[in-house]
Number of protein chains: 4
Amino acid sequence: MSNTFGDILRITTFGESHGPAMGGIIDGFPAGIHINLDEVQRLVDRRRPGQSVVTTARDEKDRVEVLSGMLDGMTLGTPIGFIVRNTDQRSADYDALKDCYRPGHADYTYTAKYGIRDHRGGGRSSARETLCRVVAGAFAQQALRQLGIEVTAYASQIGDVKLKKLHYECDLLSIEQNAVRCPDESIAQSMIDAISKAKEQGDTLGGIVTCVAQGVPAGLGDPVFDKLHAQLASAMMGIPAAKGFEVGTGFGFASCMGSEVLDAWTVRDGKIGTITNHSGGIQGGISNGEPIVFNVAFKPVATLMRPVACINAECQLVEVAQQGRHDPCVVPRAVPVVEAMAALVILDNYLKNKATRI
Amino acid sequence: MSNTFGDILRITTFGESHGPAMGGIIDGFPAGIHINLDEVQRLVDRRRPGQSVVTTARDEKDRVEVLSGMLDGMTLGTPIGFIVRNTDQRSADYDALKDCYRPGHADYTYTAKYGIRDHRGGGRSSARETLCRVVAGAFAQQALRQLGIEVTAYASQIGDVKLKKLHYECDLLSIEQNAVRCPDESIAQSMIDAISKAKEQGDTLGGIVTCVAQGVPAGLGDPVFDKLHAQLASAMMGIPAAKGFEVGTGFGFASCMGSEVLDAWTVRDGKIGTITNHSGGIQGGISNGEPIVFNVAFKPVATLMRPVACINAECQLVEVAQQGRHDPCVVPRAVPVVEAMAALVILDNYLKNKATRI
Amino acid sequence: MSNTFGDILRITTFGESHGPAMGGIIDGFPAGIHINLDEVQRLVDRRRPGQSVVTTARDEKDRVEVLSGMLDGMTLGTPIGFIVRNTDQRSADYDALKDCYRPGHADYTYTAKYGIRDHRGGGRSSARETLCRVVAGAFAQQALRQLGIEVTAYASQIGDVKLKKLHYECDLLSIEQNAVRCPDESIAQSMIDAISKAKEQGDTLGGIVTCVAQGVPAGLGDPVFDKLHAQLASAMMGIPAAKGFEVGTGFGFASCMGSEVLDAWTVRDGKIGTITNHSGGIQGGISNGEPIVFNVAFKPVATLMRPVACINAECQLVEVAQQGRHDPCVVPRAVPVVEAMAALVILDNYLKNKATRI
Amino acid sequence: MSNTFGDILRITTFGESHGPAMGGIIDGFPAGIHINLDEVQRLVDRRRPGQSVVTTARDEKDRVEVLSGMLDGMTLGTPIGFIVRNTDQRSADYDALKDCYRPGHADYTYTAKYGIRDHRGGGRSSARETLCRVVAGAFAQQALRQLGIEVTAYASQIGDVKLKKLHYECDLLSIEQNAVRCPDESIAQSMIDAISKAKEQGDTLGGIVTCVAQGVPAGLGDPVFDKLHAQLASAMMGIPAAKGFEVGTGFGFASCMGSEVLDAWTVRDGKIGTITNHSGGIQGGISNGEPIVFNVAFKPVATLMRPVACINAECQLVEVAQQGRHDPCVVPRAVPVVEAMAALVILDNYLKNKATRI
């Protein structure tokens, strides 16, 4: 429930954006895995704000401090605790929000639930919480790599700019070469232009992140309620601003005939495979050995760079100026979060699958 | 994990479609709720095949037998066990599938996972399992009704035929008046025509189910990993053939500017509300008191009414004729399943929310 | 929570003693295990009342009907649903209890919790629920046997009659040769005499069940909160009438010096072992390869065969005569329940342990 | 599983004794509770070593740093993260243990489970982990106090010295007045003498902690597997060195007749109560409103102050001198840990009970 994710491999996080620190515990991580902590830090840095013109100007250092669970660079099988101190906070920026609720944010709903909220920088609802997911995901990605599994996400749509190519038509290694993390330089430039234009107008943009997991063996996933894509959907919808999930052909299936989208069998490298991959690598909730492919839709950030009408507990509308510093589009920074959550789901299911037989 | 869904209110199901029975246990259901078992049976009957030309011809009786957890029509707070006997099985229909895997089905992936599978009628992967969810959902819906919460789903797209109206522009009480469960008679007729045409061609169709939950109080949902829409996404992606989920404006957000979709505050009946409902009734993962609205995309059924190329464990393609009896489109029968799962999620969160304060 | 036990291997049960049926779902059971259902029935029969003078006279048939999860005698990895119909009920025996609470029973506390209770035969609090545990345990025991693990329990004390021998001084195969399940014929006879005497007086007796698990490999158990003996303690304290648990030397440790009870190392069959086994086969919460040994204390049954003072909701004392049919001592019938729960814990931990490394 | 405890109120801990820090996350803690952090620190200090001649000489500062979940002294309903830095470590003391296993410790079993272990100071198996439980318990105790519930534990036996009085015959407020935490000055002195004598001999002593929870309302506890005493047993057996648990008359029931220990009804302050309390405040797994009373047996610490024979992975016995600094008897420092775990169980069940009805 709540602040824990996963079944055998579980991540629990804590932290308000303007409190002393964010942090988490990775439990159930397999023992005896060599972890490169510099690589963990590198993935966390990818999520960091202030990387480019399309992200916010805050310069958080976000140094990950691992407090347990490792000896001489190797995991012990015991829980891995970590923290990241919060710095560069301008909490006073948020004073005006103490007694009122911004539209499109969690201010009102947190108060409805708990009767109290930390109004500074979104408190617990801040997307800053996702850095803890990236830390955990970075551990998972290193374990997956030893199993020959690679998870890659990228921006496939920002505003009206869409990447039409499919994942196997792109060079997924090129993603980090532009500020929006799109594996097509020309589309990337159009996306950057769109974001810049929105930013000039004090506005924000939505978009889509596509994620591909390659090398996942057949057999992962629980076939009834916890279908592999049900777990992925849950993981993705738990990311702030995520509003849609689809696996394989997804919503496109709605207007298709069965004969158009039936993934016909083939044999590849002596193993059973499918010619097309409309199912996105999952059949009956279980991986079939094909690449797992899914999309996540993100809404435009609710914080506009212009005054908006907030409401207070007395039901009065109050105009409040721009608060804090925010990205005009979450998609570029959501990419590593999507990868992290996907990696956690896949490693968890890899571990669960080992218990299927004695 | 696996065959259990929910946190405090939990449903666990069992059953292969051609085994002796399907069944389940509803645990954590609140005590002291009057349950009308005829109404439970009525909802189960909605899911039943053989209701119309657009569904399969099997005539399963699907009589629900409640075995525990109630006394004199009232819940005891103890687990509610129930079974539904399997009848009208033609297991021999499936003999040809014993040693080969159909495309687009779970035959191969179950075998990859477990090393064994029940090949008769899809075994555990049969959509027949969802009748257990409808039983549990029917209990939840009766409890929700006492709380003033009503969950309604309907077909909003089948193949290329789309219902353009939004939920508040339709008479949701009219849904049962046509075979596809669409709250617009004219669109419903087009949908029926589309299904009939596909059926004639031995083909199948995908579609979309829209679901609306009205009367949900503000404050439900766990705000980090288990956001209310993350739980709904998981619940919906666990339904057979479901391949996409979106809440509120969903994938439509991707091409929007923030200023276009920011739900501005208003005051309604002395309570805080929003003028538009792009967020689908959920902000920061917690319900805000507006109607909860989401869509679920379903793929066309993989079982075509014509011979398809199966593959066997020796990687040989084998042509196998049509097996069993199947719907040309799952959407009409998915409607009560979507309602059931949504009701379970909402009641579970209602109960969880009670523990937020002492 | 509540009616589910276990982490990966989970048993969920339902049923009131005078409702239509008891039953359960075994989920997470490994695939591909041959199960002898006659052997399952045989273990259930061991728990059955009416076996001897020392148990109650009810003659319940308790036929186990397995409804799912198996094909041709082999487990599928899918949930195993089962039911046992309730028969030979004399519900009217309990009419006098409808509005009052017996001392030493759960009548009052169930009402305090749920505001309602099934007063017939203890309802959900009836020890009849444990037959579902025995069914699940019987499956687990067959899987464990394939792993070379054998779980055996026996009566080691009834009233003042104590078996002084330790488990390795007894022939554990002789347990079924007497009505009290004590592996010493002479002590068994004294126990039977003690029970008969108590029964004549309309009184009841407490006792202790000892359990030994042999062949458990080193490495099972979660080392912090879910120590192997913490899981066993939870499993045992969940059995009706169980009031105490100790592992190895247990309460005897309290009056010992460390030097007296330190299990010194030895080498046995080329493997690390201990000379003594004060720790009961568990160190730091993890099995060490020695036999796991623990005791469970049971209170005397609260139902005396004489009138007792009950109390009603209006706080009035009411004399009520003997109700229903009850054992004068639960120990003999608790033996198979202890074995079942121990088997479930050990198999669950065997499966969990597989996820410790990739 | 593993490093998380609780259902709705959950504590997850991390930390090796010689790593950078210990810490944890308290999740599901109710919102809006005023917490006195000085009081939390005071309870942690009670667990600290170096308090008296009967505890070890290490002087750890154990300053608790709360990192999230609170604003202006009040809980937010969000997860409460905290850490305690490890200081005063003499890791080199443990070099000799790197490649061998001490008797009576978790060295061998951790290695069997994980293939790797942190050999310094017991690593994750160190009792130092329990300070995280005390932090969490301190939060729970403050919430319970607002509900009128008070949890108190004390030493009732150390070696052969037994406190014969029952809890209501003692002044439970006097517990902190002596080094062993026994509510009888004269017995306390005998216990101190016994520990001193054992210490002189380089030996250690076991003992028993008794715990009493007063003011617990009737209705708490899940009646089947998770009986309130099953949860308490699990909580207590998860404490290092704990080897036995009994509720109420516990093992004493074994030699009793039912008529001797049947808690007869009475009416107290207009409410239903029992004259005696053999059941320890729990009937059918649910609290009945009487004080909850249980005992926990602790083994003598395995670390003797004299050379012991360790064993290495090559099955060779190696004599190793005394390592680190250890208590000659864990009981005095176990008292606050028992209180903490009991408080967590009771508050968790209080919260769970709120979901029993709508």
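So you know, we letter chains A, B, ... as the sequences are listed, proteins then strands, and number each from 1.
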Contact origin within [X] toward chain B - heavy atom pairs under 4.5 Å:
| X | value |
| --- | --- |
| A:Leu220 | backbone |
| A:Gln201 | side chain |
| A:Phe245 | both |
| A:Met341 | side chain |
| A:Leu317 | side chain |
| A:Phe294 | neither |
| A:Val247 | both |

In terms of heavy-atom proximity below 4.5 Å to chain A, should [X] be classed as side chain, backbone, both, or neither?
| X | value |
| --- | --- |
| B:Ala198 | both |
| B:Ser279 | both |
| B:Leu262 | side chain |
| B:Asn295 | both |

Open item on the list: Looking at A:Gly258, is its backbone amide N or carbonyl O close enough to the side chain of B:Asp203 to form a donor-acceptor pair, meaning the two atoms are under 3.5 Å apart?
Closed with: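 Yes, because the side chain of B:Asp203 sits within donor-acceptor range (under 3.5 Å) of the backbone of A:Gly258.
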Task: B:Leu304 backbone acceptor or donor facing B:Thr204 side chain under 3.5 Å - done: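 A pair under 3.5 Å: no.
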Please determine if [X] and [Y] form a salt bridge, counting it only when a charged side-chain N lies under 4.0 Å from a carboxylate O.
| X | Y | value |
| --- | --- | --- |
| A:Lys227 | A:Asp222 | no |
| A:Glu290 | A:Arg268 | yes |
| A:Arg10 | A:Asp348 | no |

TODO: Measure from the ring center of B:Phe251 to the ring center of A:Phe251 and say whether it is less than 6.0 Å.
DONE: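 Close enough - the centres of the two rings lie under 6.0 Å apart.
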- [ ] Could you tell me which residues satisfy side chain to side chain contact (heavy atoms under 4.5 Å, CB included) with B:Thr130, sequence neighbours excluded, listed by chain and number?
- [x]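 For B:Thr130, the residues satisfying side chain to side chain contact (heavy atoms under 4.5 Å, CB included) (neighbours in sequence not counted) are B:Arg47, B:Arg133, B:Pro240, B:Val337.
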